[in-house]
Enquirer: 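Below is a structure I'd like to ask you about.
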There are 2 protein chains.
Amino acid sequence: MRSKLNMREVAQKANVSLATVSRAMHSPDKVSASTVERVRKATEELGYVYNATAGDILRGRSTVLGVLVPTASNALFGETLHGIQTMTVGGGYSVLQAATHYDADGEEALIESLLQRRVHALILTGVTYGLEERVEQLAREARVRIVVVWELPKPDMTASYVGFDNMEAARRMTEYLIELGHRRIGLIVGPFSKIARARHRLEGYRIALERAGIPFDADIVKERSPGLLEGREAMDRLMRNEDRPTAVFAASDLLAIGALKAARSMGLSVPGDVSVAGFDDMEVASYQDPPLTTIRVDAYKIGQIAAQTAMEPLGSPTRNYCLDADLVIRGSTGPIKPGGGR
Amino acid sequence: MRSKLNMREVAQKANVSLATVSRAMHSPDKVSASTVERVRKATEELGYVYNATAGDILRGRSTVLGVLVPTASNALFGETLHGIQTMTVGGGYSVLQAATHYDADGEEALIESLLQRRVHALILTGVTYGLEERVEQLAREARVRIVVVWELPKPDMTASYVGFDNMEAARRMTEYLIELGHRRIGLIVGPFSKIARARHRLEGYRIALERAGIPFDADIVKERSPGLLEGREAMDRLMRNEDRPTAVFAASDLLAIGALKAARSMGLSVPGDVSVAGFDDMEVASYQDPPLTTIRVDAYKIGQIAAQTAMEPLGSPTRNYCLDADLVIRGSTGPIKPGGGR
DNA sequence: TTGAAAGCGCTAACAC
DNA sequence: GTGTTAGCGCTTTCAA
């Protein structure tokens, strides 16, 4: 139960100076083998643990990454987190993690607290509307590296990006549904009034409709936080619409899985009575019955690349990665039932 | 692009001493209002951000919690993480997070790196076999608070625990299946050779069989990492057993969802041909078709309580919380089909 | 190869 | 109220 153990105590025990202990730990080649051994032994006997934060302060560097996700309880962001962690372990970095819950005020406070911890870089899962300027400023002042993930590069931002084209992918999915003969297509989509990737998905949907000459109907577009419950509730409403959609694009797999449940509860067959499509290709998507047609996103890879980019030295050029996001056709979507529409 | 910004620069700009800046930030009531305002202004104009790590060092305290989960990509541990984060935000703590992947060596290295960051406490999702002694030692030396979650208190450990009775819950589930008439019950269970909670679930299963006079058959017990793929593969094997189980207890919902998929792929109806039960009650469990019979665990609450316990001052008494874990009966289990067995 | 000393960014006890 | 000073645990010149 010794109270405070520092390098000085190790130095005393090993009969060397403080500086020598430091050298023995970081560059043993600059110290005689016997001294290194004495220090190692003293360290072990005392149970000394190196203080990395003190070291970082003195060196004026940081080996901590700050990561912000909307919520840790979504397995999708968990995958990205996982990807980040596989890369940081080797690089000697640790990960400070927090969740924003799509709240701009909360996000700002969390960014502030991560900056106070002097993180080397900030990995942000999108930037909530209203915070772009602050993030922009941080990136410009180069106090910290900024990596935005899950979004396509925003040309005027000075941050790095690791994402994919949300709009393009959503357009592709909507077009696929149209090709199947659907013209009444509902949309359940994330908080587009707060985050860009949700808005881009909405945009993609819109554009596809427009190209096909299908009028946009706000009545069958539902904005919801990506969650099972929300998907179920939104689907329920859509299916109670007097002019019920024959297909529903739930632009997040959690929403889609919720939607499948709603359809089942109402006795509707999928895709017989209504087609359901998701977005993200969470692992669980292909385990649904029917398996979910969705957009494949490599959440894990996003994390890996983001971590690599984040760990680069301050002042390194920004990087932009645009990954693939492909349509994966499974069993939850099918041709419109003859006479099903209208 | 100014390089290094510290309190001293703020002091200069505000024409006060370094100490006054510190006071103005932490206890503004001890400084005149006009000075506080001058400091605030200088801080803002320079874009100064307080360095919390330096502060922590000097105060000899820490406001960081270290959290180790098996993997971040499992939504279940994501829930616990989520619970932890809701509590830490208010308390001014940050969360350093890492994943062990059920690997003892990796876990040891991660614990070491968290200790080097001088975390106030360590929240561990179980302790991999082979590491108990090290963790025990850490707790005894009181360098850091240790909170083990998802496990029932181990009487001889000096750490705190926030968990539930895994054995009891598994026994209860197995008994329920037996009550339904099943006597040939397969088990798919987590890495019991590495982590206690998986072993306890195995034990519970064993005890229930024993009480019912059903012989234990290692052929229909599969040890797998909790994952969808693993559950599917294990179920597939179980169903190819010449004396096929009429019920399968997958002691983790992910395994169970994988098992459901395997059954579907083989054209088996659940629960008609085979009953499937899970464990954990992940949110997605009730969204399956059929909805999963499982054990309800409040992963979120575990996180909340763990965080509270972890944030208590060093030297506070250890705490033990045993939460409920109840049987939730849904559609994936049913009575044995007459003539189905043997 | 090693030690002494200066100092990273900050706090707190003590004076004024 | 405010400034001065000593110092947290560590790294890194600079000399020896």
Side-chain angles (χ1 to χ4, degrees), chain A residues 2-40 42-43 46-64 92 115-120 143-144 314, chain B residues 2-40 42-43 46-64 92 115-120 143-144 314:
Chain A
R2 93 188 69 267
S3 52
K4 280 164 198 184
L5 214 47
N6 55 29
M7 230 180 222
R8 176 161 279 113
E9 298 195 37
V10 177
Q12 271 162 17
K13 176 125 190 159
N15 258 307
V16 290
S17 75
L18 181 55
T20 302
V21 175
S22 176
R23 278 188 288 254
M25 301 192 113
H26 300 301
S27 34
D29 42 306
K30 292 189 174 174
V31 178
S32 78
S34 66
T35 306
V36 171
E37 176 55 20
R38 283 222 311 291
V39 168
R40 197 204 55 71
T43 302
L46 290 173
Y48 168 73
V49 175
Y50 174 71
N51 187 333
T53 57
D56 273 8
I57 280 199
L58 206 63
R59 294 190 228 233
R61 61 160 202 192
S62 164
T63 47
V64 177
L115 290 176
Q116 291 196 355
R117 303 275 176 208
R118 288 298 184 270
V119 293
H120 173 74
R143 302 256 181 66
V144 64
L314 234 70
Chain B
R2 91 190 70 267
S3 53
K4 279 164 199 183
L5 214 48
N6 56 30
M7 230 181 222
R8 177 160 280 112
E9 297 196 37
V10 177
Q12 271 161 17
K13 177 125 190 159
N15 259 307
V16 290
S17 76
L18 180 56
T20 301
V21 175
S22 176
R23 278 189 288 254
M25 301 192 112
H26 300 302
S27 34
D29 41 306
K30 293 188 174 176
V31 178
S32 78
S34 66
T35 307
V36 170
E37 176 54 21
R38 284 222 310 292
V39 168
R40 197 204 54 71
T43 302
L46 290 172
Y48 167 73
V49 176
Y50 174 71
N51 187 332
T53 58
D56 272 8
I57 281 199
L58 205 64
R59 295 190 229 234
R61 61 160 202 192
S62 163
T63 47
V64 177
L115 290 176
Q116 290 196 357
R117 303 275 175 208
R118 289 295 186 272
V119 293
H120 174 74
R143 301 254 184 67
V144 64
L314 235 69

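Lettering of chains follows the sequences in order, A, B, ..., and the numbering in each one begins at 1. Remember, it's a predicted structure, so these values are computed and weren't measured experimentally.
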Enquirer: Starting from C1' on D:dG3, measure out to CG on B:N15 and report it in whole angstrom.
Expert: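 After rounding, the gap between these two atoms is 13 Å.
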
Enquirer: Between C:dT11, C:dT2, C:dC8, spot the one nearest the side chain of A:I57, thanks.
Expert: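 When the side chain of A:I57 is considered, C:dC8 is the closest of C:dT11, C:dT2, C:dC8.
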
Enquirer: Can you tell me how far C1' of C:dG3 sits from CZ of A:R8, to the nearest Å?
Expert: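 Going from CZ in A:R8 over to C1' in C:dG3 covers 12 Å.
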
Enquirer: So, do B:N6 and B:N51 sit near enough that their side-chain heavy atoms are less than 4.5 Å apart?
Expert: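 No, side chains not in contact.
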
Enquirer: On DNA chain D, compare the nucleotides closest to A:M7 and B:S34; which residue's is nearer the 5' end?
Expert: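 Nearer the 5' end of the strand: B:S34.
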
Enquirer: Are any non-hydrogen side-chain atoms of A:R118 and B:V49 less than 4.5 angstrom apart?
Expert: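 In contact.
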
Enquirer: Using atom CG of B:D56 as one end and atom P of D:dG7 as the other, report the distance to the nearest whole Å.
Expert: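 Whole-Å distance recorded here is 21 Å.
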
Enquirer: From the options C:dT2, D:dT2, D:dG9, select the nucleotide whose nearest atom is closest to the side chain of B:T35.
Expert: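 The answer is D:dT2.
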
Enquirer: Look only at the side chain of B:R143 and the backbone of A:L5, and say whether a donor-acceptor pair between them is shorter than 3.5 Å.
Expert: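 No.
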
Enquirer: So, is B:T20 close to the D:dG3 phosphate, meaning a side-chain N or O under 4.0 Å from OP1 or OP2?
Expert: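 So the side chain of B:T20 is within the cut-off, an N or O lying under 4.0 Å from OP1 or OP2 of D:dG3.
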
Enquirer: What is the distance, to the nearest angstrom, from the CZ atom on A:R118 to the P atom on C:dG9?
Expert: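 So the two atoms are 9 Å apart, to the nearest Å.
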
Enquirer: Which nucleotide wins on minimum distance to the side chain of B:V31, given the candidates D:dT2, C:dC10, D:dC10?
Expert: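 Of the candidates, D:dT2 comes closest.
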
Enquirer: Students often get this wrong, so: under 4.0 angstrom with heavy atoms, is A:G55 touching a base, only sugar-phosphate, or nothing?
Expert: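 The residue A:G55 makes sugar-phosphate contact but no base contact.
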
Enquirer: Given atom NZ of B:K30 and atom P of D:dG3, what is their separation to the nearest angstrom?
Expert: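 Between P of D:dG3 and NZ of B:K30: 16 Å.
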
Enquirer: From CG of B:N51 over to C1' of D:dC8, roughly how many Å is that when rounded to an integer?
Expert: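 Whole-Å distance recorded here is 13 Å.
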
Enquirer: Quick one: is D:dG9 close enough that its OP1 or OP2 comes under 4.0 Å of any side-chain N or O from A:N6?
Expert: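 Yes, A:N6 has a side-chain N/O under 4.0 Å of OP1/OP2 on D:dG9.
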
Enquirer: Scan side-chain atoms only and decide if B:R117 and A:T63 contain a donor-acceptor pair under the 3.5 Å cut-off.
Expert: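 Looking only at side-chain atoms, A:T63 and B:R117 do form a donor-acceptor pair, the distance falling under 3.5 Å.
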
Enquirer: Can you pull the salt bridge (charged side-chain N to carboxylate O under 4.0 Å, His left out) pairs that have at least one residue in residues 11-35 of chain A, sequence neighbours excluded?
Expert: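 Sorted result for residues 11-35 of chain A: A:K13-A:E45.
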
Enquirer: Please state whether the phosphate of C:dG9, meaning OP1 or OP2, lies under 4.0 angstrom from any side-chain nitrogen or oxygen of B:T53.
Expert: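 No, outside the criterion.
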
Enquirer: Judged by atom type as modelled, is there a donor-acceptor pair below 3.5 Å linking the side chain of A:R40 to the main-chain atoms of A:M25?
Expert: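 The answer is no, because no donor-acceptor pair under 3.5 Å joins these two groups.
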
Enquirer: Just wondering, more than 12 heavy atoms not from A:R8 lying within 6.0 Å of its CZ?
Expert: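 No.
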
Enquirer: Starting at CG of B:D29 and ending at C1' of D:dG1, how long is that distance when rounded to a whole Å?
Expert: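 So the CG-C1' distance, B:D29 to D:dG1, works out to 12 Å.
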
Enquirer: When you compare the protein's N or O atoms with those of nucleotides 12-16 of chain C, which come within less than 3.5 Å of each other, and at what distance?
Expert:
none

Enquirer: Rounded to whole Å, how long is the line connecting atom CD of A:Q12 with atom P of C:dG3?
Expert: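 Between P of C:dG3 and CD of A:Q12: 13 Å.
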
